[in-house]
There are 2 protein chains.
Amino acid sequence: MGVDCHHTESAQPGLEGAALASAVAAAETKCERTRERLTPPRRRVLELLLEADGPMKAYDLIAAYGQDGEPAKPPTVYRALEFLERLGFAHRIESLNAYVPCRMEGTSHRAAFLICECCGTAEEFEPDFAPQFAAAEAAGYAVRTVTLEARGLCPACKGGA
Amino acid sequence: MGVDCHHTESAQPGLEGAALASAVAAAETKCERTRERLTPPRRRVLELLLEADGPMKAYDLIAAYGQDGEPAKPPTVYRALEFLERLGFAHRIESLNAYVPCRMEGTSHRAAFLICECCGTAEEFEPDFAPQFAAAEAAGYAVRTVTLEARGLCPACKGGA
DNA sequence: AACCAATGCGTTATGAAATAACATAACCCG
DNA sequence: CGGGTTATGTTATTTCATAACGCATTGGTT
């Protein structure tokens, strides 16, 4: 992954069993409140994101989509991703062309990630863009969304090799 | 462009004539200092970025590459872009799949942009990530690069329609 | 000068990521 | 039930990016 240290895979454990079901249920509930529909493809893609150990590429999702091994058609997944992003259930990581489930509650139009170039994990954190944000608005900009992506090495990969 | 107001094109004027030559010369000088080589393809791509009125897509650069109208081969341009980014002469805007010349002096590993979803301009600004940066390092991360992309409407597009 | 390692380039081909366009189906609401 | 709206299925295509390989140029070394 750019810098090379050779960890097999990521440190970000995916959800399973009850935790997974509960996360999906929470999304369901939120949807109901806003009269949005968590349809089967949307639910399925959300599940895949939640189960994953790290950021998922769109074509990983496409390949993993069918429980029977049948891939999805690209638009199915891209449309679901668009929905999940719109509702704040998922984020796209631009510098990775990949997607993660949102791990911050009450998120809105901002997302920030610490991306490990060794193990590939992407940890979401609460940014506090207040200063930049204010500066932009002062300059006359109407900011709608902000994304921040910091790349480097996570504690585990920094320490080890 | 997502939000629709119908300005023909961007408000970010490209360089030409003496200003262009001088910007290229400055890059040349910087390269010499670090024993890097601003070879013809690299110089050409830098010129194209500097001349442009806004972010350039890779395939725009490919198409515009030859003075005679001959396009470049993709690797030519992608390799040049890699070089220009490495030296801080250009930035990739992830959320646009596009490239801009660096407009901040003495830049390093960080870049921040205000991207207008109407007219397509991308204004670089000085971020001051100190707080986020410090927080990340405190959490044990070794941050190498940071990019921030704020999307919204520029003053011109916000005001008009 | 002759050599050699390192870097960059040209070229062909292919891989990966995302969307256009259009037909069909399900949902909501009056 | 009728009719608008939203979502899906499907085919094809477009857009973005890199692999792989051989040749050329550079710059240092003997």
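Computed from a predicted model, the values in this text were never measured in an experiment. Chain A is the first sequence line, chain B the second, and so forth, proteins listed ahead of strands; every chain is numbered from 1.
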[X]: side-chain contact (heavy atoms from CB on, under 4.5 Å) partners, not counting sequence neighbours:
{"X": "A27(A)", "answer": "L38(A), L46(A), F89(A)"}
{"X": "S22(B)", "answer": "none"}
{"X": "A142(A)", "answer": "L153(B), K158(B)"}
{"X": "A52(B)", "answer": "M56(B)"}

Using the test side chain to side chain donor-acceptor pair (under 3.5 Å), find all partners of E28(A) that sit at least two apart in sequence or belong to another chain. R43(A)
From [atom1] of [X] over to [atom2] of [N], roughly how many Å is that when rounded to an integer?
{"X": "Y78(B)", "N": "dT15(D)", "atom1": "OH", "atom2": "C1'", "answer": "8 Å"}
{"X": "L96(B)", "N": "dT15(D)", "atom1": "CG", "atom2": "P", "answer": "15 Å"}
{"X": "R92(B)", "N": "dT18(D)", "atom1": "CZ", "atom2": "C1'", "answer": "13 Å"}
{"X": "D60(B)", "N": "dT14(D)", "atom1": "CG", "atom2": "P", "answer": "17 Å"}
{"X": "Y59(A)", "N": "dA17(D)", "atom1": "OH", "atom2": "P", "answer": "15 Å"}
{"X": "E94(A)", "N": "dC16(D)", "atom1": "CD", "atom2": "P", "answer": "13 Å"}

How large an angle, rounded to 10°, do the end axes of the helix from dA1(C)-dT30(D) to dG30(C)-dC1(D) enclose when each is built from five base pairs? 30°
Shoot me the first and last contacting nucleotide of DNA chain C against chain B, ordered 5' to 3', at under 4.0 angstrom to non-hydrogen atoms.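 Reading along DNA chain C, I get dG8(C) to dT12(C).
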Residues passing the ring-ring contact (aromatic ring centres under 6.0 Å, His included) test with F113(A), sequence neighbours excluded, are H91(A)
Donor-acceptor pair, side chain of K57(B) and main chain of L96(B), under 3.5 angstrom: yes
Contact class for R35(B) (heavy atom, under 4.0 Å): base, sugar-phosphate, or nothing?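 No contact.
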Separation between SG (C102(A)) and CG (L87(A)), nearest 0.5 Å, reads 11.0 Å
Give me each pair satisfying side-chain hydrogen bond (donor to acceptor under 3.5 Å, both in side chains) with a member in residues 65-78 of chain A, each pair once, sequence neighbours excluded.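 Checked against side-chain hydrogen bond (donor to acceptor under 3.5 Å, both in side chains) - neighbours excluded - no pair reaches residues 65-78 of chain A.
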Summary of salt bridge (Lys or Arg N to Asp or Glu O under 4.0 Å) pairs that have at least one residue in residues 79-103 of chain B, sequence neighbours excluded: E36(B)-R86(B), R92(B)-E94(B)
Could you give all pairs that pass the salt bridge (Lys or Arg N to Asp or Glu O under 4.0 Å) test and reach residues 13-25 of chain A, with sequence neighbours left out? none
Pairs: protein N or O with nucleotides 2-12 of chain D N or O, under 3.5 Å:
| from | atom 1 | to | atom 2 | distance (Å) |
| --- | --- | --- | --- | --- |
| dA7(D) | OP1 | R42(A) | NH1 | 3.3 |
| dA7(D) | OP1 | R42(A) | NH2 | 3.2 |
| dA7(D) | O5' | R42(A) | NH2 | 3.4 |
| dT8(D) | OP1 | T39(A) | OG1 | 2.3 |
| dG9(D) | N7 | R79(A) | NH2 | 2.5 |
| dG9(D) | O6 | R79(A) | NH1 | 3.3 |
| dG9(D) | O6 | R79(A) | NH2 | 3.4 |
| dT11(D) | OP2 | K73(A) | NZ | 3.4 |

